[in-house]
Amino acid sequence: MFRFFIFFVFIIFYCRFDGKILSAQKRVYDAPLPIPLLLSGSFGELRETHFHSGVDLKTGGVVGVPVIGMAEGIVSRVKVSSVGYGNALYVEHADGTTTVYGHLLRYTPEVTRIIREKQYEGESFEVDLDMKAYGITFRPGDTLAYTGNTGSSGGPHLHFEYRDTRTEAVLNPLLFLKIEDNIVPKIRALYLYYMTEDGCVERRKRIVPKYLGNRKYGCGEITVSPGRNGVGFYLTDVMNGSWNKLGIYRMEMSVDGEKKFEMQVDTCLFDCNPLVNEIKDFELYRSERETVYRTFGRYMSRIPGVKIADEGWIDIGKGEKKKGCVKVADINGNEAEFCFTFVARDSFPFRERKVLDCRREHVIEEKNYKLLLDDSALFVSLPYVGTADTMTLADGRLYTVFCVSCQERPLFQAARLEVKGRFDETAVVCRVTDKKTLVALPTCYGENGLSAISGYIGSYAVVSDTVAPVVKYIGMASGMLKFVIQDELSGIATYRGEVNGKWGLFEYDAKNDLLTCRVNEPVFVRGRNEVRLVVKDKVGNITEKQIVLQLGK
């Protein structure tokens, strides 16, 4: 079940940490980069699986820009990973905050020395180190690290966060940093949703508002069905000097003068990430790349900064009219307004169907498949399909597919899938996407068959992964050996690189399927070097690659 929490009150000018009240106006430090601040991502943006926990600062498309300390602090943690934040640095400050810097190219020499010692000691590229005992401190203006493109970054930039050190609540960095921005957010479309008699939610209409000037939008009367209606808004924002689409900071919606929905993006907790698909229209995000903020939902009030009445639903009787107004703004106060009128006409015809009630737990069984959903798994009730039959997927092969929902939908609480039968170690439980491709799920083997946990409801299949990873040597450049490693289905589980029989530090860039190793690593010698790479996928298929490398004397 969702963990209830009490988070601190955060007002735009004042923050409370461990009994201290600090003025955000007094805490505007120099920027973390020695270049003008331009955002490619804003705090609280609605991403595929999470709320964006910081701001992404542009670096002009290059790596190696110095990251500048803005307040005195101690290095509390470093993490090196092939995914996520990649090379990340955490600096703890005396006022109860921690600043986080992600996707770094490299650290300072002192930090790098400690990381390398731990990597060789544990024979692992990936490390996660508590650094407090080393007592490495920085002062304002010191260089902390250098920007890069590591981890799951989509291009060179700095991911920058503020956190409350004690609670790990993330804070909007723009409450502490100043950016130049006088561009007003745009209201691009209104989407109309309707709750049917069986509790399912249907998206009915898309209305494009007309810009009236003076930051105001309008449209004619909007015909709706009598009953429970909900609305969502396709919103975009940009800032001066940058045309990356950013998230919205503040939003209010009222109906007949009564506030139905309020949101202000000052803080969030990582526990709240599944709720991103409560406020976001997941299908439109995937299919149209539109970020639609919905103003209704069963769990909406659990999102920090959101206040909602009657779960955001607008109840309207036949022949009745209701006037709505939405205001959206960025953190600099640039605000747009859209007013509209709903008129209830005739209802859509309704056909009875079998549904998965979002307020109940479900055990769904078809053939040898069983899906278990608890009573908080579904955001909304869904039409139930419930078949297990053969289907040709995108790769042209025929599979037995267990279909629960006609569309892939994210879950608030993950579902457990069980498949009875005898399977060998190559069997993998997979999600079948709406494009009929396979996504492997972490699969467990038991006496009665297979099990897996899925964050999506939709269709599933069991697939045999008998193909070993591909390992290809692509040469040496700038003193670095480069290998491409790929796996067709289950994914790369482990890799080990040895040089002359000793473990060597190979760095893994998962997004580019790339393994690299510098020839100045201590395992290399002058003359002949035997390099051996062993790569294993998640069902145990193994590929070995060996090369001989001659280094100058």
Side-chain angles (χ1 to χ4, degrees), residues 63-69 72-93 98-139 142-153 158-159 161 163 165 476 478-483 485 492-510 512 514-527 529-536 549 551:
V63 299
V65 178
V67 178
I68 306 301
E72 187 170 343
I74 184 170
V75 178
S76 58
R77 179 187 180 192
V78 293
K79 185 174 182 179
V80 176
S81 174
S82 61
V83 295
Y85 292 177
N87 296 335
L89 179 75
Y90 299 70
V91 179
E92 192 173 310
H93 307 285
T98 295
T99 48
V100 183
Y101 311 83
H103 308 307
L104 301 172
L105 174 67
R106 65 181 186 273
Y107 304 92
T108 61
E110 186 177 10
V111 173
T112 298
R113 177 183 58 79
I114 295 168
I115 291 172
R116 285 178 56 81
E117 285 178 1
K118 295 298 181 181
Q119 287 173 321
Y120 271 91
E121 182 182 303
E123 296 190 350
S124 172
F125 162 64
E126 300 205 355
V127 294
D128 189 352
L129 304 178
D130 185 334
M131 295 286 290
K132 287 184 183 179
Y134 294 97
I136 300 174
T137 59
F138 291 109
R139 294 181 178 181
D142 287 349
T143 297
L144 308 181
Y146 297 86
T147 65
N149 186 28
T150 56
S152 301
S153 169
L158 175 68
H159 176 86
E161 292 181 15
R163 295 187 187 181
T165 303
M476 183 172 70
S478 302
M480 184 178 293
L481 300 180
K482 295 185 177 182
F483 294 82
I485 62 171
I492 304 296
T494 63
Y495 64 89
R496 180 180 176 87
E498 293 182 352
V499 181
N500 302 319
K502 297 179 180 179
W503 182 85
L505 178 55
F506 281 74
E507 301 182 16
Y508 184 28
D509 180 357
N512 292 314
L514 189 66
L515 266 181
T516 59
C517 183
R518 295 177 177 84
V519 295
N520 62 1
E521 291 294 328
V523 288
F524 286 94
V525 297
R526 292 181 179 179
N529 290 267
E530 295 182 0
V531 181
R532 178 173 176 263
L533 195 58
V534 180
V535 182
K536 182 189 293 187
L549 183 70
L551 294 180

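Since the structure is predicted, the reported quantities are computational estimates derived from the model, not experimental observations.
- Scanning for salt bridge (Lys or Arg N to Asp or Glu O under 4.0 Å) contacts around Asp142 gives an empty result, with sequence neighbours left out.
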Side chain to side chain contact (heavy atoms under 4.5 Å, CB included) between Met476 and Val519: does it pass, once the steps are laid out? CA-CA 9 Å; Met476 183 172 70; Val519 295; 3.5 Å; yes
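- For Glu521, the salt bridge (Lys or Arg N to Asp or Glu O under 4.0 Å) test picks out Arg116, with sequence neighbours left out.
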For a side chain to side chain contact (heavy atoms under 4.5 Å, CB included) check, start with the C-alpha distance between Leu533 and Phe483, then their side-chain angles and the critical distance, and finish with the verdict. CA-CA 9 Å; Leu533 195 58; Phe483 294 82; 3.8 Å; yes
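- Taking CG from Leu158 and CG from Asn149, the interatomic distance works out to 12.0 Å, rounded to the nearest 0.5 Å.
- Ring pair Tyr85/His159: centre-to-centre distance below 6.0 Å.
- Here Asp128 pairs with Arg77 in a salt bridge; the nearest charged N to carboxylate O distance falls below 4.0 Å.
- Looking at Thr137 and Glu72, their side chains never bring a donor and an acceptor atom within 3.5 Å of each other.
- Checked against salt bridge (Lys or Arg N to Asp or Glu O under 4.0 Å), Lys132 has the following partners two or more places apart in sequence or in another chain: Glu92.
- Between the CD1 atom in Ile485 and the CG atom in Leu514 there is a gap of 8.5 Å [rounded to 0.5 Å].
- A donor and an acceptor atom, one from each side chain of Tyr90 and Glu161, are nowhere located under 3.5 Å apart.
- Scanning both residues, Phe524 and Cys517, for their nearest heavy atoms gives CE1-SG, 3.7 Å.
- Side-chain contact between Val111 and Ile114 is absent, with no heavy atoms from C-beta onward closer than 4.5 Å.
- Separating the OG1 atom in Thr112 from the CG atom in Asn87 is a distance of 9.0 Å, to the nearest 0.5 Å.
- Side chains of Val80 and Val78 form no contact here, defined as non-hydrogen atoms less than 4.5 Å apart.
- Rounding to the nearest 0.5 Å gives a distance of 8.5 Å between CG of Asn520 and CE of Met480.
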Under the criterion side chain to side chain contact (heavy atoms under 4.5 Å, CB included), I'd like the reasoning laid out for Leu89 against Val100: C-alpha separation, chi angles, the key distance, then a yes or no. CA-CA 6 Å; Leu89 179 75; Val100 183; over 6 Å; no
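- Of all the heavy atoms in Thr516 and Lys482, the pair that sits closest is CG2-CG, 3.9 Å.
- Residues satisfying the side-chain hydrogen bond (donor to acceptor under 3.5 Å, both in side chains) test with Thr150, not counting sequence neighbours, are none.
- Side-chain contact between Val67 and Thr143: absent, with no pair of heavy atoms (C-beta onward) separated by less than 4.5 Å.
- Formation of a donor-acceptor pair under 3.5 Å by the Asn529 side chain with backbone atoms of Gly527 is found in this model.
- A pairwise comparison of heavy atoms in Leu551 and Val525 identifies CD1-O, 3.7 Å as the closest pair.
- Leu144 places none of its side-chain heavy atoms less than 4.5 Å from the side chain of Thr99.
- Two residues are said to be in side-chain contact when any heavy atoms from C-beta on lie closer than 4.5 Å; Glu507 and Asp509 fail this criterion.
- At a threshold of 4.5 Å between non-hydrogen side-chain atoms, the residues Ile136 and Met131 count as touching.
- The shortest non-hydrogen separation linking Leu505 to Gln119 is CD2-OE1, 3.4 Å.
- The closest side-chain heavy-atom distance from Lys79 to Val127 is not below 4.5 Å.
- The minimum heavy-atom distance between Lys118 and Tyr134, with the atom names listed, is CE-OH, 3.3 Å.
- For the pair Tyr495 (side chain) and Phe506 (backbone), a donor-acceptor distance under 3.5 Å is present.
- Between the side chains of His103 and Thr147, not a single donor N or O lies within less than 3.5 Å of an accepting N or O.
- Taking CG of Leu515 as the reference point, atom OG of Ser82 lies at 9.5 Å (rounded to 0.5 Å).
- The salt bridge (Lys or Arg N to Asp or Glu O under 4.0 Å) search around Arg496 returns Glu123, Glu498, not counting sequence neighbours.
- Separating the CD1 atom in Ile74 from the CZ atom in Phe138 is a distance of 10.5 Å, to the nearest 0.5 Å.
- Residues forming a side-chain hydrogen bond (donor to acceptor under 3.5 Å, both in side chains) with Thr98 (at least two apart in sequence, or on another chain): Thr165.
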